[in-house]
Protein chains: 2
Amino acid sequence: MVSEALWDRSRCSVAGTLAVVGEKWSLLVLREAFLGVRRFADFQRVLGAPRAVLTDRLGTLVEQGILRRVPYQAQGERQRHEYRLTPKGIDLYPTLVALMQWGDRYLADGEDAPLELRHRDCGEPVHLALVCDAGHELSGAREVRPQARVRAD
Amino acid sequence: MVSEALWDRSRCSVAGTLAVVGEKWSLLVLREAFLGVRRFADFQRVLGAPRAVLTDRLGTLVEQGILRRVPYQAQGERQRHEYRLTPKGIDLYPTLVALMQWGDRYLADGEDAPLELRHRDCGEPVHLALVCDAGHELSGAREVRPQARVRAD
DNA sequence: CGAGTGAGTTCGTCAAGTGAACTCAGGCGG
DNA sequence: CCGCCTGAGTTCACTTGACGAACTCACTCG
């Protein structure tokens, strides 16, 4: 346990990340992006989000460097742009997997999880694990000691 | 890539989990819970969230079985209750770590991350990893193949 | 008995999300 | 060339949610 006064919440990375992707629909947009959705109309159709909100979320995700707009043209249509993940966006994958795993465990309601993740190379199921730099795999939060870092100023 | 029509978004675990902990402040409440905060007044003080919102979030987290109310009394005070993580709540730890790691990498702004996680046993830094059941550690989303599961009905 | 405190509720205000209708650019068929 | 279609986006009226200050309530202490 960390004494609550000893660290600076205003710089907390959890809060910071949520400020970027924590608005309604943002993470669901990214879920679809990871599944290959790229076009505005497809996001709109599969998510059912209001157009205005979707425009806004895609815009801020682009601003934040999580998605980038790429021009394309389908034949017989004018040029449009699609939304693709940047490396910064791809690094949000563990966040989505973490949310998914928790839901799979606690919300499945007796049914199987609707989506399975497998290693592309060997076909085995993939999951998130907490590991330390010495190679130990931890069983959960109890094995972790959070430590406030002293500010360098 | 999964063909977008081939899976049932309405049962998506990401959306389900976000429906439970995706409201404003919920994940920040849990962050503090993992750092040892337990009392209403302490949550209120460190988060700065409006009382009414905090009451609501704590209530739904208890309803959802993520926190539980435990009675206690400090000396010289009447009996109150504090909020503690249940196992279901503790399993949200990877989600918070995922958000934190992303923020540490992309929002640190040249400074060190304000909070470090270390293995209680060996003291080494802890991080999240994607691993498959064959023991391979994956480098990221590109090595994962999502696969829609056929419904059993 | 009166003041203090932790936890919570109420309330007016303001921001955000929602769904329907409207706009706009360009390609296409006639 | 004209009117229509389509994807992307904006506007608008409405509802929901967040905010901060003030109020309530139960209990303890002096």
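Letters go in sequence order (proteins before strands), and every chain restarts at 1. Everything quoted here is computed from the prediction, not taken from an experiment.
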When we call it a touch if two heavy atoms are under 4.0 Å apart, what does B/Tyr83 touch: a base, just sugar-phosphate, or nothing?
-> sugar-phosphate
With A/Glu143, which residues qualify under side-chain hydrogen bond (donor to acceptor under 3.5 Å, both in side chains), at least two apart?
-> A/Ser139, B/His119
Calculate the interatomic distance between A/Gln44 atom CD and D/dG9 atom C1'; express it in whole Å.
-> 11 Å
Taking CG from A/Leu47 and C1' from C/dT18, how many angstroms apart are they, rounded to a whole number?
-> 15 Å
Please name all residues satisfying ring pair (Phe, Tyr, Trp, His ring centres under 6.0 Å) with B/Phe40, sequence neighbours left out, ordered by chain then number.
-> none
For B/Phe43 and C/dA7, give me the distance from atom CZ to atom P, rounded to whole Å.
-> 11 Å
When the distance from CZ of B/Arg38 to C1' of C/dA7 is rounded to whole Å, what number comes out?
-> 18 Å
In whole angstrom, what separates A/Leu54's CG from D/dG7's P?
-> 14 Å
Grab the CZ-C1' distance between B/Arg39 and C/dG8 for me, whole Å please.
-> 17 Å
Could you list the donor-acceptor pairs under 3.5 angstrom formed between side-chain atoms of residues 47-55 of chain A and any protein atom two or more places apart in sequence or on another chain?
unit_1  : atom_1 : unit_2  : atom_2 : d
A/Arg51 : NH1    : A/Gln44 : OE1    : 3.2
A/Thr55 : OG1    : A/Arg51 : O      : 2.9

Pairs involving residues 125-140 of chain A, ordered by first then second residue, that meet salt bridge (Lys or Arg N to Asp or Glu O under 4.0 Å) (sequence neighbours left out) = none
Acceptor/donor pairs from residues 16-25 of chain A side chains to any protein atom, 3.5 angstrom cut, sequence neighbours excluded:
unit_1  : atom_1 : unit_2   : atom_2 : d
A/Thr17 : OG1    : A/Ser13  : O      : 2.8
A/Thr17 : OG1    : B/Leu99  : O      : 2.8
A/Thr17 : OG1    : B/Gly103 : N      : 3.2

Go through C/dG6, D/dT10, C/dG8 for me and flag the one nearest to the B/Phe40 side chain.
-> C/dG8
Would you mind reading off the distance between A/Asp42 atom CG and D/dA8 atom C1', rounded to a whole angstrom?
-> 12 Å
Give a yes or no answer on whether the side chain of A/Glu116 reaches the backbone of B/Arg149 with a donor-acceptor pair at less than 3.5 Å.
-> no
Where along nucleotides 18-30 of chain D does protein come under 4.0 Å, by heavy atom, of base (B) or sugar-phosphate alone (S), with - for untouched nucleotides?
-> SSB-----BSSS-
Closer than 4.0 Å, any side-chain N/O of A/His81 to the OP1 or OP2 of C/dA25?
-> no
